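Every heavy atom of this structure was used, including side-chain atoms; hydrogens, water molecules and symmetry mates were not. Predicted, not measured: the structure shown is a model, and the values here were computed from it.
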Amino acid sequence: VELLLGSVPPMKGKAAIAGFYTEMFKRVREGLTVHGITADDEKIVSDTTSRFTAIADAPDFVVGPLMQGDYIEVRVLVTYY
């Protein structure tokens, strides 16, 4: 498995991806609103808004700096191959 976010170097394998999210979830929670999903024989694409909410100060959060209680919403197209 490989995770490509664009804001951080590519992550390869279960341990790298789990480590990234384990650290993130210590300070930030993610909520998803799915606007639509399409699929074909090669991929699944999800049109999603991610809302990242800081449960503790996260000045180095990869999407943008957050202080406890702040949030950032980002509309993304997530593609699964």
Discussion item. Are Val63 and Met24 packed together at the side-chain level, in the sense that at least one heavy-atom pair is separated by less than 4.5 angstrom?
Written reply: no
Discussion item. Could you tell me if the side chain of Leu3 sits less than 4.5 Å from the side chain of Tyr21, heavy atoms only?
Written reply: yes
Do [X] and [Y] sit in one hydrophobic cluster, given that two such residues count as connected whenever their side-chain heavy atoms are within less than 4.5 Å of each other, even indirectly?
X: Ile44; Y: Val76; result: yes
X: Val78; Y: Leu32; result: no
X: Tyr71; Y: Phe25; result: no
X: Val8; Y: Val74; result: yes

Practice prompt. Go through Val1 and Lys14 one step at a time and tell me if the side-chain contact (heavy atoms from CB on, under 4.5 Å) criterion holds.
Written response: CA-CA 7 Å; Val1 175; Lys14 180 180 176 179; over 6 Å; no
Distance in Å, [X] [atom1] paired with [Y] [atom2], rounded so as to fall on 0.5 Å steps:
X: Leu4; Y: Lys12; atom1: CG; atom2: NZ; answer: 8.5 Å
X: Met67; Y: Asp57; atom1: CE; atom2: CG; answer: 3.5 Å
X: Lys26; Y: Ile55; atom1: NZ; atom2: CD1; answer: 11.0 Å

Discussion item. If you count heavy atoms of other groups shown closer than 6.0 angstrom to CD of Glu42, is the number above 12?
Written reply: no
Worksheet entry | Member of Thr33, Asp47, Thr48 meeting the side chain to side chain donor-acceptor pair (under 3.5 Å) criterion with Arg75 | Asp47
For the student: nearest non-hydrogen atoms of [X] and [Y], plus distance:
X: Met11; Y: Ala16; result: SD-O, 3.9 Å
X: Ala58; Y: Arg27; result: CA-NH1, 3.4 Å
X: Lys43; Y: Thr79; result: CD-CG2, 3.9 Å
X: Pro65; Y: Ile72; result: O-CD1, 4.4 Å
X: Val28; Y: Phe52; result: CG1-CB, 3.8 Å

Practice prompt. Could you walk me through whether Glu30 and Ser50 pass side chain to side chain donor-acceptor pair (under 3.5 Å), step by step?
Written response: CA-CA 6 Å; Glu30 182 180 16; Ser50 292; 3.0 Å; yes
